[in-house]
Amino acid sequence: MTLKELTVAYFQHYTIVAYLAIAAASVVVYVLNPAAPLRTLGAIAAAVAVYPLVWHLLHQYVLHGQWMYKWKLLSPTWKRIHYDHHQDPNNLNVLFGALHTTVPTIAVATIPVGWLIGGAGGAAIAFATGILTTCYYEFMHCIQHLAFKPKWKWVQFMKQRHNEHHYFDEDGNYGITNYLWDRLLGTYYEKKDRPQRSATVFNLGYTEEVAVTYPWVKELSGGIASGHPRRRVLGKEANENDSKAA
């Protein structure tokens, strides 16, 4: 995949189209209720600063927490927003976050701080900043998961760390575009630092044993897969070829 092909696929996805529309609407609100220039810059800076920490905490304690699948009402949400992504990390259908969960989260993380700094205009521009930051995160996320080999060293570094999170040990490297908070909170690692692959890297700890007590994700998924996604696909293809040959 070329960078052009990746970019075209990215901007055609309905999630990104929705994000850009929401950002545009927020900018209109800002224009109608502008904050002072310094307050505007402060609201933007605050949104940019708070975003990586909020993402890290949500990723570690919510998406990788062992509690959402224990609630029947929350289990479909957890399945959609993260379990499915770890089951098949390169599946574009679940690569982006679900709008009904991401947009409210961005609003909660950015609008209050923006309001405190610049009133309605500050809240609007902070929210727009959060949405556009999410677009940037999702573009980098595409680079990390789709069949594109970046030329830039810093992007290669991020892709390697994120792939370790998905294919080696899910307990760490929670960042997407930087790993500052991973370093500060002790969750940063490189593959050489850990002796062996996590047994739950593809199912996030939702095992057959866990499913006996909390069966809802398994029922929605039609089972639990724990092996490498590409090998699972190859296995299915092999079985299909054998069936056709017979």
Side-chain angles (χ1 to χ4, degrees), residues 50-71 74-91 94-98 101-102 105-106 109 133-134 137-138 140-146 150 154-218 220-221 223-233:
V50 75
Y51 196 101
L53 176 59
V54 171
W55 166 253
H56 178 105
L57 295 176
L58 286 173
H59 195 182
Q60 182 174 2
Y61 296 110
V62 177
L63 303 184
H64 282 263
Q66 300 291 304
W67 58 274
M68 284 188 73
Y69 62 70
K70 296 179 181 179
W71 295 68
L74 294 178
S75 58
T77 300
W78 181 75
K79 173 186 180 299
R80 164 59 185 89
I81 62 177
H82 216 55
Y83 177 78
D84 286 351
H85 181 44
H86 270 260
Q87 286 275 286
D88 190 356
N90 297 336
N91 183 354
V94 292
L95 179 60
F96 298 104
T101 60
T102 57
T105 301
I106 297 164
T133 302
T134 301
Y137 267 54
E138 294 289 27
M140 300 308 296
H141 206 195
C142 282
I143 288 177
Q144 290 161 354
H145 283 293
L146 299 183
W154 62 279
V155 180
Q156 293 173 6
F157 173 83
M158 289 193 300
K159 181 166 184 170
Q160 186 174 359
R161 298 289 81 76
H162 191 66
N163 280 337
E164 287 166 353
H165 171 80
H166 273 282
Y167 293 99
F168 192 74
D169 192 337
E170 76 280 16
D171 186 19
N173 291 352
Y174 295 107
I176 296 292
T177 64
N178 73 78
Y179 296 94
L180 172 64
W181 286 106
D182 281 289
R183 294 179 187 276
L184 293 176
L185 297 176
T187 55
Y188 176 83
Y189 77 91
E190 296 184 18
K191 185 176 179 180
K192 62 181 178 59
D193 300 325
R194 300 196 174 183
Q196 59 185 12
R197 184 191 305 272
S198 166
T200 57
V201 69
F202 299 121
N203 59 34
L204 305 184
Y206 185 77
T207 63
E208 293 288 354
E209 293 75 17
V210 171
V212 172
T213 306
Y214 308 104
W216 306 295
V217 171
K218 180 179 179 180
L220 291 169
S221 304
I224 299 173
S226 59
H228 194 290
R230 285 196 291 271
R231 295 193 184 103
R232 293 202 306 265
V233 171

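These numbers come from a predicted model, not from an experiment. These values consider heavy atoms only, across backbone and side chains, with no hydrogens, waters or symmetry-generated copies.
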Indicate yes or no for a side-chain donor-acceptor contact from [X] to the backbone of [Y] under 3.5 Å, with no hydrogens or angles considered.
{"X": "D193", "Y": "E190", "value": "yes"}
{"X": "T207", "Y": "V210", "value": "yes"}
{"X": "Q156", "Y": "P150", "value": "yes"}
{"X": "W181", "Y": "T187", "value": "no"}
{"X": "Y206", "Y": "K79", "value": "no"}
{"X": "E138", "Y": "G97", "value": "yes"}
{"X": "Q66", "Y": "L204", "value": "yes"}
{"X": "Q144", "Y": "I176", "value": "yes"}

_T134 and Y51: side chain donor to acceptor below 3.5 Å_ = yes
_Identified ring-ring contact (aromatic ring centres under 6.0 Å, His included) partner of Y174 from the options H165, H162, H82_ =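 Passing option: H165.
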Considering all heavy atoms, the nearest [X]-[Y] contact:
{"X": "R80", "Y": "F96", "value": "NH2-O, 3.1 Å"}
{"X": "G205", "Y": "Y69", "value": "O-OH, 4.3 Å"}
{"X": "L180", "Y": "N178", "value": "N-OD1, 3.1 Å"}
{"X": "V50", "Y": "A109", "value": "CG1-O, 3.8 Å"}
{"X": "V217", "Y": "W78", "value": "CG2-CE3, 3.9 Å"}

_Could you go through R194 and D171, starting from their C-alpha distance and side-chain angles, then the distance that decides it, and tell me whether this counts as side-chain contact (heavy atoms from CB on, under 4.5 Å)?_
CA-CA 11 Å; R194 300 196 174 183; D171 186 19; 4.2 Å; yes
_Geometric class of the H64/H59 ring pair [parallel <30°, tilted 30-60°, perpendicular >60°]_ =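 Tilted.
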*Which residues pass the side chain to side chain donor-acceptor pair (under 3.5 Å) test with K159, sequence neighbours left out?*
none
When rounded to the nearest 0.5 angstrom, what distance separates [atom1] in [X] from [atom2] in [Y]?
{"X": "N203", "Y": "K218", "atom1": "CG", "atom2": "NZ", "answer": "12.0 Å"}
{"X": "I143", "Y": "T177", "atom1": "CD1", "atom2": "OG1", "answer": "11.5 Å"}
{"X": "I81", "Y": "T105", "atom1": "CD1", "atom2": "OG1", "answer": "8.0 Å"}
{"X": "N173", "Y": "F168", "atom1": "CG", "atom2": "CZ", "answer": "11.0 Å"}
{"X": "Y214", "Y": "M68", "atom1": "OH", "atom2": "CE", "answer": "14.5 Å"}
{"X": "H86", "Y": "E170", "atom1": "NE2", "atom2": "CD", "answer": "7.0 Å"}

*Qualifying residues under ring-ring contact (aromatic ring centres under 6.0 Å, His included), relative to Y189, sequence neighbours excluded*: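 So Y189 forms no ring-ring contact (aromatic ring centres under 6.0 Å, His included) with any residue.
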*asked:* Less than 4.5 Å apart, side chain to side chain, heavy atoms only: is that true for V94 and Y83?
replied: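 Side chain of V94 against side chain of Y83, heavy atoms only: no contact under 4.5 Å found.
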*Show the numbers, then the answer: is there a side-chain contact (heavy atoms from CB on, under 4.5 Å) between L74 and W67?*
CA-CA 9 Å; L74 294 178; W67 58 274; 3.8 Å; yes
*Quick one: do H85 and L95 satisfy side-chain contact (heavy atoms from CB on, under 4.5 Å)? Show the steps, please.*
CA-CA 6 Å; H85 181 44; L95 179 60; 3.6 Å; yes
*asked:* Please check if the number of heavy atoms outside F157 that lie under 6.0 Å from its CZ is greater than 12.
replied: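 Counting neighbours around CZ of F157, more than 12 heavy atoms of other residues, nucleotides or ligands fall under 6.0 Å, so yes.
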